[in-house]
Structures are given as structure tokens and as C-alpha cells.
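Here the structure comes first, spelled out in C-alpha cells, and everything after it is commentary.
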Amino acid sequence: MSNAVNPNPTEESAGYDPSQVELKWQESWRDLATNTVDVANAPDPFYALMMFPYPSAEGLHVGNLFAFVGNDIYGRFQRLQGHNVFEPLGYDAFGIHSENYALKVQKHPMDLIPQNIANFRRQLERAGLMVDWSHSLSTTDPEYYKWTQWVFLQLLKQGLAYKKQAAVNWCPSCKTVLANEQVIGGACERCDTPVEQRFLSQWFFRISDYAQRLLGNLDTLDWSETTKTAQRNWIGRSEGAELSFVAKRNGEQHSIRVFTTRPDTVFGATYLVLAPEHPLVPSLTGALYKSAVDQYVARSSKQDVVSRKSNTEKTGVFTGAYAINPANGEEIPIWISDYVLMEYGTGAIMAVPGHDERDFEFAKVFGLPIVRVVCAEGEDPSAPLESAFTENERGVIVNSAQFDGMTVATAKREITSMLQAKNAGKSFVNYRLHDWCISRQRYWGPPIPIIYCDEHGAVPVPEKDLPVLLPHVEDFKPDDSGVSPLARHEDWYRVPCPTCGKMARRETDVSDTFLDSAWYFLRYPSVGIDEVPFDSSLTQKWLPVDSYIGGNEHAVLHLLYSRFITMVLHDMGFLTFEEPFTRFRAHGLIIRNGAKMSKSRGNVVVPDHYIEKWGADAFRTYLMFLGPFEEGGDFRDASISGVKRFLDRLWASVNTVVDATNANGSGDPEVMRKLHQTIRKVGEDIPKLSYNTAVAAMMEYMNSLRRGERKPVRAEVESLVQLVSPFAPHIAEELWLRLGHQESVFNSRWPKFDEALAAEEKIDLVIQVNGKTRGKVS
RNA sequence: GCUCGGGUGGCGAAACCGGUAGACGCGAGGGACUUAAAAUCCCUUGGGCCAAAGCCCAUGCGGGUUCGAUCCCCGCCCCGAGCACCA
């Protein structure tokens, strides 16, 4: 006999060989369509959704798998509860990511993406997910993006899509426009290049019209609190007042509107500041000041956003003009400074240096008057301010005529109504949320379905002509002309006007990837239906999504955009609900050596060889055992052996039962009690996504099952197999079969626990003296 | 700066509603089996004092409330995430 023998005996019942078991069951699930749902006829639908991945060339990494497995466990558990669980999975394959990669390796994304998808599919199947592959999709399929274009046309129809010439964030490295939310600290979120300002004509969605609804509905959603907070911050509601200051110049009156959260301090407004881009700047600037103002405006428009926003010292110029403070009739100077942003509020502020740090700093630099209008109790109202007094909780109004002595809260209200009576102000709620710029001057996305005609302007492509196919062009490299590479392809670009038939031009921009992902969950149940984006009865049946799991990196953008699109489609009568995700939980991040996994850091861990070595079941269970699902953790392979040992013991215990001639006894009372406690514990933990403690509980049970020399009986192991099945589906399926069941364990029902049995039988009475434990009586 | 998380053994972590802190796993130490190793199985494992029974200390730091605090309150320190010249 040769020494190079296979360490694993091949005899069926002898040893546990994960890969043999797993491949066998994966094939069986495929053949028997175990994971496929009859979407039209499911009596008890449950939609368990996971955020779809971007199919990168590197393949699925353990961070992705961690999230998918977490969702899979939840889905399988719901199935064992008797629901018809729909767990679809597709690919978010458009976008700058794929395009940049394609450019780098000099291949066409239309060739690359299918390869990547095939690789992902292989990895996902190997991991044993309960995915219904008959309802998969890719955002790059024309039969999908046809409807993405349709969504755009619906927003256009509602007046919620509009085009404007706008200062946009331009990434000089990616050579494209970025949405505000893709600019992180003034730099491109993808390549960290400082972002510049450019003026381009862009398509926007009026998401800011929905700010209040998007904010208000959050209170009704069962979502991770962290995610809701992030959305609230992003929407950024500020309550205050909009005030008007009148300025005169060359006999003309100009009303300058400002937004403030502190109308109570208006008596302390000693000057106004306009953003350099403010439209009134030219008409307010006096002849003497023109060259200084022009210079300043030119300088700030050239400056990139990063350095402008991180300017430490206040800079600015005087316009030569004055305005009247509507509260006290005083003339106050009008300045220009880049610390006032055109994008927020009205692009102009009233400066109250006594009670705003930035205004204080500015006033110090330019020697402008600082007036105190709020005092802490007992303070001298005439004492000069050393710094801005911004605390308003215990402030009292001073130097403000009849409002003196009021609290800040009262003065806010009273002063606003006084100004309103003078027609110089009103209460106003301002939001930080900006309209969503969806134009991208790139190739790899769905073309925006618009045709420009000299006579008829921007004409929507008729719905019957959708999709506007993205042509397969060899030359898709962006340049810095500011127009999409598609503009260089005349045969695609020139097209007759749908209205008059004269030659016209296509819109050459493609839409933002976030639009692709803002409605994909509506499509899954209807995959394969050509006539509509989502069939109304299927949608009625499956949506809103019962459980959505995804990363918190999408807490703001993707989730906000999806909610917005859903609301719009609801308002148009396409949907009966206005919130797409009933329940959302953010999973934690799997990090490696203290850092997020990324190719550039070189710390990406691919699951393939772990699955090969330990098996998908052990790897899945290990990932869940690593730490709390909603917190994630550092990836170490250290304790995977413990999980594997647990599965080995499970295998051995169940096979002992299978091999025994008479294992049908009633079970050891102590063990049975523990079993029922475990059934209860695991059943409580899974819905809470407390997977690590569920695994611990099963391990604990395994320990008590094996105590002593005794052999387990059927009653002691049968439901354990069911408890394990969401985590380790293959081994569970195999053991279930060996226990003599004809049907899949996933067609069985989650075991019930016996209340009385599961209750603690012994009560430990702890004796404490002066709060210190002094012993116990059982 | 503001808003959320979080800080517990050598490590990952558990602890319901204020009631035996450290379940479960890894690692480490010891033992059984073995010619030997691997695998498997058993025991020990927060720190300290003690021959032992037992006692003391311990959940980032300092106070407080309570018969009793990892948990509640006040004041700090550190780590992570988000927002940020947002008026």
C-alpha cells in the first residue's frame, strides 16, 4: 500500500468530508430547484433582500460573503418558519468602478463584466446561499436598464427631473462630475484627488422637494438607529427664519434674503456677507470697489473646493454697498467672503459676530463692530466680548429694544413675528439636502433617454423606443472636454427628433449608478417580464421588502435615493407603498489588520481557499461566530478550527444515532431540558441577528450532549440538525437525510420548544451580604 | 467642533429589565491514547494572598445614586463611524 493515501476515508458514513457533502447538495438543490420560489403563487411571501454587489474582477471577498451569509441565515430561518422566502441576488455592474478597471486592463467592460459575474456566481453558489437564481439580474442588461431609463422619464414627466447649468464637482483624475455626496472632505471618494469646480449643464432630480417626507417617515421605519441618524444628518433640517435686508445702489432697491437659525440675534447683525457667486454681487458693487471685488470673485471661483473649505483665515472684500437692518433700521456694510457658501441657504448671511464664531473671526480680521445681544444670567450686557457667545440654553436677550430680558427661545419667536409684520421675514425651514445630480460624462452607464432638437429642445425618447442602447464602442476613454465619450460617435449621436423628425442629437451623458440601484428591488420578482418594469400583482405580493440587509456605507445615498424613487412612483400611482424597506439592518464591516479590506491596501481576503480547506459550512458558521453581526470585526482565521470541531462532533453524534439499532429512546432528561432551552435561545437570537450567541448556544448544547460515555438518541439530535441548518445548510441537509427524512430540511418546520421544559428547573438562590456574594443555595 | 457607536481575561467575545462578571470559541498548560506525531478525548486557565478553608482586587479613568452598578447619573480619557466655514 502506498503511503500517499487520501486521509479522508471515502466510505460514506465513516468520515465527514465537507467538499463531498457540499457539492452533492449544491447539485441537488439546483436539480430540484429547492431555492426557487413560485413568485406568482407563493401563499406566504417573505422577501429577504441583500444589497447587490458590484462584481469586481478580484471576485467576492470575505466581507461580501459575511453579509450574504448573514442574510441567508435570516432567510433560511424565515423559511423554516413556514414562509415562502424569496432571496434574489443580482449585480450592480455599471459605473465608474468597472469602467476604470476596464481602461486599466485595456479590455471592454462589455466583455469583462460577464466574466466577473460568472466568477461571482461560482463563488456565491459554492457558499451555499439560498438564492433564487432564476430571478437574477444585472443593471447592465438592456432589459434592465430599459426600465432605468423609464424611471428617468417618469421623473421628467412629474417635473422632478430638470436640467441646469451648475457648478459641479469635477474630478480631474476620473474626468467626471461627481455628486456632492461622492465628494468626501473635498476630494473624490474614489481616487482622493482634490475636486475642482466646473460649470456644466446637468440633469438633476428634485429630491430636495421630498426632504421633509424623507425625514418624517424615518420615525416609522424599523431600521438600524445608526442608519436613521446618518440620514437625518444628511437631510440636515434647520429651523429658523428667512429675513430680508434692503440695500440701495444707484437708486435701485435690492432685497437680500438671508437664512438664519438665530433670528433672536438680529439686533446684533452688524454686517451682511454674500457668497462670491451670489447673483447680486455685480449690481451691488460700487465703482470704486469693482476691481477688488472682481479679483476676489475670480480667485475664489478658481480655487478648488478642498482648499476653499479648509481656508483657516477669513478673507473677504467690501462691496461699497450698505443694507438696512430691518430690526433696528441701522445701515450695515455688505461684504463678500468665501466662508459663505452659495449652495446652502440663500448664499447670503446676516453676520452676528457677537454670537457666531465665524462671524466673530471675520469681524476681528476686518475691524467690524461686535455687538452683544445675548447674555448669560448675571453678566454685564455692556462688557465687551472676548469671543463669540454661542450658548443659547441659558441666554437672555439684551440690547434688543423691547425684546430685552426674553429667553432665546421666546425671542426667536417674537422677533420673527415682529419682522414678519414688517414684511421683512418669516419662519423658514432649511435643508442641507441638495438635488441629486444624475448626469455622468462617462461611457459605462445607461444613456439618459433625451434627444435635443433645435426646434423642440430636450425631447424625451418615447417609451416605446426604449431602451436607448449603449453602443459597443472601442473608444470609451473619457477626456477632459467635459462631454461623454459617446459624443465622439456620430452614428449613434445623430438621430431624428421624435417630435418633428429633423436631425437632432442624443444626450450623451449616462446616468449615475445610484439610479440603477434605486429601484432594482422592484424588479427582482418581475425578472423575465418584458412589458412592464414591475408587474403590479407581483409587486403587491412581494413588496415592500420584509428584510433588507446591507452595509452602512450605503446608509445615506443608496437608501435615501431608493426611498425617494419609491415615493415618486407611489405618488404617480405605480406603487401602493411609499417606503421600500420595512426593516433594514446594517451589518458590520469585516476588517483586516485594523483596516477596511481594499485592493489598494492589499488586505483583501478571498473566501475560496478557506472554503476549500474547511468547507462552506464551517466557513459560514465561523464568520457568524466571529462577533456580533451588526458590528463586524477583524478577520482572523484563528478560531475557525473550533467551529469545524463543532461540525465534526455534530456529524459524529448524528451518525451514532443513525448507526444504532435502537436509538429511539426518550432522551436524558437533563439533555432534553438543555435542548429545549437551546431551541428557544437560537430561535430568539436569529431574528435579532445575534448569530454569534446562537452558535455559542448550539456549541454549549453539543457539550452537554457529549458529557460522559453515553450515546445520544434521536430525540436529542434531530432538532439540533434543524437549528444548525441556517448556518451550515449542507451538513444539515445530509444529516437530515441520514436521519431518514425524505424531504429537504428546509421544507421542515422549525422545532417548537416546550415552555415548561425550557424553563430553568433549578433556581439558584444567591446569598449576598452588603451586596457581596456570600454563597448560593440551589 | 457636533451626532451616533464602542472600551470587559493572553485573544474574539458573553451577561435578559440594576442581582453569581467572563457563557461559547481560540490560544496556553497538564494528562489519556500512540513506538512517535497528527487527530481525538479529559482536566486547568482573570490577577493576587494562603498549607487549606477562605479572603482581597478586577468590566477605560474619577466621582455619585443603590442593600447591590459592566448596566443608571455627573465629569473626563481613548478608539471607530458619519457630518462639518451648513449660517
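First the proteins, then the strands, lettered A, B, ... as listed; each starts at 1.
When side chains are defined from C-beta on, A/V21 counts as touching A/W651, because their heavy atoms get closer than 4.5 Å.
In this structure B/rC17 sits in the syn conformation; its chi angle is within 90° of 0. An anti orientation is assigned to B/rG63, its glycosidic angle lying beyond 90° of 0.
Taking atom CE of residue A/M702 and atom P of nucleotide B/rG25, one finds them 11 Å apart after rounding to whole Å. For A/E313 and B/rC85, the CD to C1' distance is 14 Å, given to the nearest whole Å. Per the geometry, CD belonging to A/E700 stands 19 Å off P belonging to B/rA13, to the nearest Å.
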Grab the N/O contacts between the protein and nucleotides 4-10 of chain B below 3.5 Å, and write none if there aren't any.
none

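B/rC2: Watson-Crick or G-U partner is B/rG82, with both key distances under 3.5 Å. Nucleotide B/rA28 forms a Watson-Crick or G-U wobble pair with B/rU44, both donor-acceptor distances falling under 3.5 Å.
For A/D359, the side chain to side chain donor-acceptor pair (under 3.5 Å) partners at least two apart in sequence or on another chain are A/Y339.
For CD of A/Q212, the number of neighbouring non-hydrogen atoms (other residues, nucleotides, ligands) closer than 6.0 Å is greater than 12.
Nearest-nucleotide mapping onto RNA chain B: of A/A696 and A/M350, the residue sitting toward the 5' end is A/A696.
Aromatic rings from A/Y610 and A/F635 are positioned such that their centres are separated by under 6.0 Å.
Ion pair A/D617/A/K644 not flagged as a salt bridge, since none of the NZ, NE, NH1 or NH2 atoms sits closer than 4.0 Å to an Asp/Glu carboxylate oxygen.
With respect to A/P276, the side chain to side chain contact (heavy atoms under 4.5 Å, CB included) criterion is satisfied by exactly one of A/D338, A/V317, A/L341: A/D338.
One P atom belongs to B/rG82, the other to B/rU70, and the distance between them is 33 Å to the nearest Å.
In terms of phosphate contacts, A/R432 brings no side-chain nitrogen or oxygen within less than 4.0 Å of OP1 or OP2 of B/rA87.
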